[in-house]
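First the proteins, then the strands, lettered A, B, ... as listed; each starts at 1. These numbers come from the heavy atoms of this one structure, side chains and all, not from hydrogens, waters or symmetry mates.
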Amino acid sequence: MAVSKKAATKSTPSATNGSNGSRQLLGLTVDPQEIKQKALMDLKAIKQPTKTEVYKSIFRVKHDQTARSRTLGVLSNVFLHLHPARVNRDAVRFSFTWGMGGISFYLFWVLTWTGVLLMFYYHPTKVQAFRDILYLEHDVPFGKLLRNMHRWAAHAMVLTVQLHMFRVFLTGSYKKPRQFNWSVGVILLVLTLLLSFTGYLLPDDQLGFWAVTVGTNMARATPMLGHEGPFGPQFGMTPFNDVRFALLGGSIVDANALLRAYIWHCIAIPGFAATFMIVHFWRVRKDGGISGPNRIMLESEIKPLRR
Amino acid sequence: MDWHQLWTIISLPDNIPIVGMLFIIPFFTWFGLRQAFANDRLLAKLEADPKLARTHHRKTQPFQKGWARELPVWPYLMRMEFLAVVIVTFILMVWSITLDAPLEEPANPSLTMNPSKAPWYFLGLQEMLVYFDPWIAGVVMPTLIIIGLIVIPYIDENPLGNGYYTYKQRKFAIWTFISGFIILWCSMIVIGTLIRGPGWMWFWPGMTWDHNRLIFEINRDLHEIIGITSQPWIGIFGGLVVGGFVTAAGYGCHRLIIATEFTRKILGRMSLLQYAILQVLLIIMLALPVKILARLLFRIKYVWVTPWFNV
Ligand code: HEM
């Protein structure tokens with residue numbers, strides 16, 4: 001809008017016509033003074049973008065320093081509304097949460113983005129998989145950095161999730177009313193490990209192949225469901241119909257296993273993990289925000305249990 | 001002392017998280033317990049002085065006069081989150097530029113890797129394969145770990161220590177978790193990564209990984225040591241041994257659960273079901289170090305041999 005008006009102002013001198021300042025332009029009466037005013041107004045708007053209609057239409061709240069609009073700014077934003085508007089002053093401190101939940105989430109986000117980029121180059125087939133990794137390492141611009149980041153972020157996430165669990169335990173944050181959220185967290189921990197494990201096979205190199213072979217060989221020994229497990233043979237299990245076969249899509253780690261690992265790794269498990277994370281964050285909010293640092297309670301203050 | 005071997009193991013890019021863990025886990029244990037002890041000192045003070053307790057703010061880092069109790073998330077929490085993101089991104093960038101993700105030869109089923117190791121976070125379970133059959137180490141244990149973790153909030157009936165660090169009020173819970181997480185889980189990972197070499201043999205840090213090393217150790221089943229040779233008796237004997245262990249461990253755990261007046265009070269709040277689940281989990285957890293020691297000290301392979309499964 002602003003641009004087209006400025007262009008109009010510039011073109012006026014070449015098409016002069018008429019009296020008392022107004023000119024005829026393509027059959028329109030144009031007042032240069034008025035146009036200048038409008039141009040100045042637009043310039044002012046550019047200097048203060050937060051006052052424009054465009055800004056307001058996106059953020060829905062006025063941008064000023066009042067507590068009210070800061071609160072609304074958080075509450076009326078999809079990405080920020082996971083947060084409460086205000087938090088306990090102490091809960092912001094690093095020493096209480098160690099920031100590990102948030103860091104795990106950020107790492108998950110990094111993994112999603114680097115993972116999507118890797119998917120552009122990777123084919124889950126026996127012929128191509130290993131070559132794709134070589135291609136990523138040697139030819140794709142920043143391909144090596146991309147692969148390294150995905151790998152190390154995965155390792156880091158496994159570590160930060162465990163540390164998060166450790167802190168939640170030490171602060172007793174799983175106690176009432178947060179029992180269920182702890183259980184959701186345990187599922188997230190398992191999903192994180194599974195994500196990492198399924199990704200291990202994808203480069204189709206010796207490291208992944210043997211790690212997955214060792215890992216899935218244990219599935220052979222599942223009681224009742226594996227052909228080498230207790231009571232497995234009695235249940236009619238053979239290498240060709242037990243759980244290991246279901247996991248690998250075959251009796252050895254081969255093309256089908258690669259495809260299955262790929263689908264679990266890129267679609268199914270991230271989907272589950274994202275879903276449980278939504279529940280997890282929702283419950284953190286619903287359970288009254290972060291648990292503390294709470295006022296310490298004395299033994300003499302324990303209330304009798306009501307069942 | 002083979003420094004080169006030590007360096008090869010430690011500097012393996014995939015082992016970096018474990019080397020990091022050697023520092024990070026003790027650091028955070030210290031960091032958490034330090035705050036716990038600070039709170040415990042405050043608790044002791046308040047318990048000694050009930051009058052003070054009535055008016056006290058009950059925090060080690062109390063509000064100052066004129067401070068708002070609550071802060072707007074924007075900008076106070078957002079800026080912490082932003083800072084965390086910047087720092088993590090920086091670390092990740094440096095890590096990814098300096099160290100390359102490993103890539104071995106293409107997968108080859110006819111060329112076995114020795115040692116062939118699971119990813120580091122499963123090495124605790126792989127280490128357990130030394131002491132237990134795969135159906136226990138690879139299937140039953142992971143399942144029980146998951147179930148055990150999930151039920152923690154539902155069997156811990158101690159209402160104290162909700163939302164603040166404390167050691168004194170939760171000694172039993174904290175010792176149980178630390179034994180499980182740090183002693184059993186983390187240290188087994190460290191052993192699996194840094195100590196276990198070719199053939200999954202034990203190599204002290206600095207020992208050369210000798211691929212031709214052979215260890216002649218004869219592991220025997222418990223019934224062989226006792227001298228029982230024919231089947232129904234072997235099974236019955238093993239069952240009795242395991243039953244004896246369960247009874248003894250259950251009794252020991254019960255003694256711990258009723259050790260102090262406070263723990264008895266918590267026990268009084270638990271239902272029978274909660275108590276039973278707690279006992280089962282504790283006994284099984286205790287079985288791990290017992291079996292490990294039985295193997296390492298007495299070279300015992302199985303204690304219970306039956307036609308269907310061995311423990
Ligand atoms: C992918 C994994 C996970 C993510 C992204 C995640 C994220 C978070 C975040 C952002 C918070 C807010 C407080 C904080 O940062 O500490 C939180 C709180 C919490 N998390 Fe997790 N978490 C994960 C796994 C777990 C696990 C493994 C557990 C426990 C077994 C767990 C249990 C909890 C509980 C009980 C709270 C409430 C803590 C409180 O109120 O102080 N979470 N989580």
Do A:F166 and B:F28 have their ring centres less than 6.0 Å from each other?
no
A:I103 portion near chain B, given a 4.5 angstrom heavy-atom threshold
side chain
Inspect the surroundings of CZ in A:R285 and state if more than 12 heavy atoms from other residues, nucleotides or ligands are less than 6.0 Å away.
yes
A:W152 side chain to B:L99 main-chain N or O, any donor-acceptor pair under 3.5 Å?
yes
Taking side chain as C-beta onward, heavy atoms only, is B:Y164 less than 4.5 Å from A:R295?
no
Between A:M218, A:R86, A:K175, the one whose heavy-atom pairs under 4.5 Å with chain B are most numerous
A:K175
Of all the heavy-atom pairs spanning A:S291 and B:G163, show the shortest one and how long it is.
OG-CA, 3.7 Å
Where A:Q206 and B:P106 come nearest, the two heavy atoms and their spacing:
CG-O, 3.6 Å
Do you know the tightest heavy-atom contact between A:S95 and B:Q35?
O-NE2, 2.9 Å
For the atom pair CG (B:L160) and CE (A:M297), what is the distance rounded to the nearest 0.5 Å?
5.0 Å
Contact class of B:P109 relative to chain A, heavy atoms under 4.5 angstrom:
both
Applying a strict 4.5 Å limit to non-hydrogen atoms, the region of A:A67 in contact with chain B is neither
Greater than 12 external heavy atoms within 6.0 Å of B:F27's CZ:
yes
Interatomic spacing from CD in A:Q179 to CG in B:D156 - rounded to 0.5 Å:
10.0 Å
Between B:M80 and chain A, with a heavy-atom cut-off of 4.5 Å, which part of the residue counts as in contact: side chain, backbone, both or neither?
side chain
Looking at side-chain heavy atoms only, is the closest gap between B:Y154 and A:S183 below 4.5 Å?
yes
Gap between atom CH2 of A:W210 and atom OG1 of B:T112 - 0.5 Å precision:
4.0 Å
Using non-hydrogen atoms and a 4.5 Å limit, figure out which bit of B:L111 sits close to chain A: side chain, backbone, both or neither.
both
Sub-3.5 Å donor-acceptor pair from the side chain of B:E81 to the main-chain atoms of A:G102, do we have one?
no
Is any side-chain heavy atom of A:F209 closer than 4.5 Å to one of B:N108?
no
Do you know which of A:A129, A:S173, A:A153, A:S300 has the most heavy-atom pairs under 4.5 Å to chain B?
A:A153
Under 4.5 Å, counting heavy-atom pairs only, tell me which of B:F31, B:F309, B:W95 racks up the most with chain A.
B:W95
Measure distances from A:T71 to the heavy atoms of chain B and classify the residue's part below 4.5 Å as side chain, backbone, both or neither.
neither
Keeping the roles fixed (side chain from B:Y165, backbone from A:F96), state whether a donor-acceptor pair exists under 3.5 Å.
yes
In Å, rounded to the nearest 0.5 Å, how long is the span from CE of A:M149 to OG1 of B:T89?
6.5 Å
Does any non-hydrogen side-chain atom of A:H155 lie less than 4.5 Å from one of B:I16?
no
Output the option from A:I302, A:L145, A:V184, A:D254 having the highest count of non-hydrogen pairs under 4.5 Å with chain B.
A:I302
Can you see which heavy atom on A:N148 is nearest to which on B:A101, and at what distance?
OD1-N, 2.9 Å
Do A:I296 and B:K59 have side chains that approach each other closer than 4.5 Å (heavy atoms only, starting at C-beta)?
no
Note, B:D14 side chain near A:R151 side chain (heavy atom, < 4.5 Å)
yes
Return the orientation label for the A:F231 and B:W308 ring planes: parallel under 30°, perpendicular over 60°, tilted otherwise.
parallel
What part of B:V73 gets closer than 4.5 Å to chain A, counting heavy atoms only: side chain, backbone, both or neither?
both
B:I87, B:L43, B:I150: which one forms the most heavy-atom pairs within less than 4.5 Å of chain A?
B:I150
Let's test your reading of the structure: which of B:P119, B:G161, B:G138 forms the most heavy-atom pairs below 4.5 Å with chain A?
B:P119
Need one label for A:Y200: side chain, backbone, both or neither, based on atoms under 4.5 Å from any heavy atom in chain B.
side chain
One option among A:G226, A:P304, A:P223 has the most heavy-atom pairs under 4.5 Å with chain B, and it is A:P223
Is the shortest side-chain heavy-atom distance between B:W120 and A:L159 below 4.5 Å?
yes
The interface call for A:S196 against chain B, heavy-atom contacts under 4.5 Å, is both
For the candidates B:V85, B:I97, B:L46, which exhibits the highest count of non-hydrogen atom pairs separated by less than 4.5 Å from chain A?
B:V85
Would you mind checking which part of B:T29 comes under 4.5 Å of any heavy atom in chain A, side chain (CB onward), backbone (N, CA, C, O), both or neither?
both
Is B:L103 close to A:F130 at the side-chain level, that is, under 4.5 Å between some pair of heavy atoms?
yes
Under a 4.5 Å heavy-atom cutoff, which of A:K303, A:E301, A:K126 has the most pairs with chain B?
A:E301
Measure A:L107 against the heavy atoms of chain B and call it side chain, backbone, both or neither at under 4.5 Å.
side chain
Engaged part of B:T143 at the chain A interface, taking heavy atoms whose separation is under 4.5 Å:
neither
Residue part contacting chain A, namely of B:N310, when any heavy atom lies under 4.5 Å:
neither
For chain A, which of B:T166, B:V140, B:I152 has the most heavy-atom pairs under 4.5 Å?
B:I152
For A:L146, is it the side chain, the backbone, both or neither that has a heavy atom under 4.5 Å from a heavy atom of chain B?
neither
Does any backbone or side-chain atom of A:E228 lie under 4.5 Å from a heavy atom of chain B? Answer side chain, backbone, both or neither.
neither
Looking only at A:L163, A:L170, A:V92, most heavy-atom pairs under 4.5 Å shared with chain B are made by A:L170
Pick one of side chain, backbone, both or neither for B:A173, based on which atoms fall under 4.5 Å of a heavy atom in chain A.
both
Cation-pi check for A:F169 against B:R170: NZ or CZ below 6.0 Å from the six-membered ring centre and within 45 degrees of the axis, yes or no?
yes
Determine whether the side chains of A:N294 and B:N162 contain a donor N or O and an acceptor N or O closer than 3.5 Å.
no
Could you grab the distance from atom NZ of B:K117 to atom CG of A:L207, nearest 0.5 Å is fine?
11.0 Å
So which part of A:V214 gets closer than 4.5 Å to some heavy atom of chain B, the side chain, the backbone, both or neither?
side chain
Between CG of A:L298 and CG of B:L42, what distance do you get to the nearest 0.5 Å?
8.5 Å
With only heavy atoms counted, which part of B:P50 is less than 4.5 Å from chain A, the side chain, the backbone, both or neither?
neither
Please work out whether the ring planes of B:F177 and A:W182 are parallel, tilted or perpendicular, with thresholds of 30° and 60°.
perpendicular
Within the distance-only criterion (no hydrogens, no angle test), does the side chain of A:D205 pair as donor or acceptor with the backbone N or O of B:A107 below 3.5 angstrom?
no
Heavy-atom proximity to chain B below 4.5 Å, by part of A:M100
side chain
With chain A as the partner, which of B:C186, B:S116, B:A137, B:P102 has the greatest number of non-hydrogen pairs under 4.5 Å?
B:P102
Counting only non-hydrogen atoms closer than 4.5 Å, does B:E105 touch chain A with its backbone (N, CA, C, O), its side chain (CB onward), both, or neither?
both
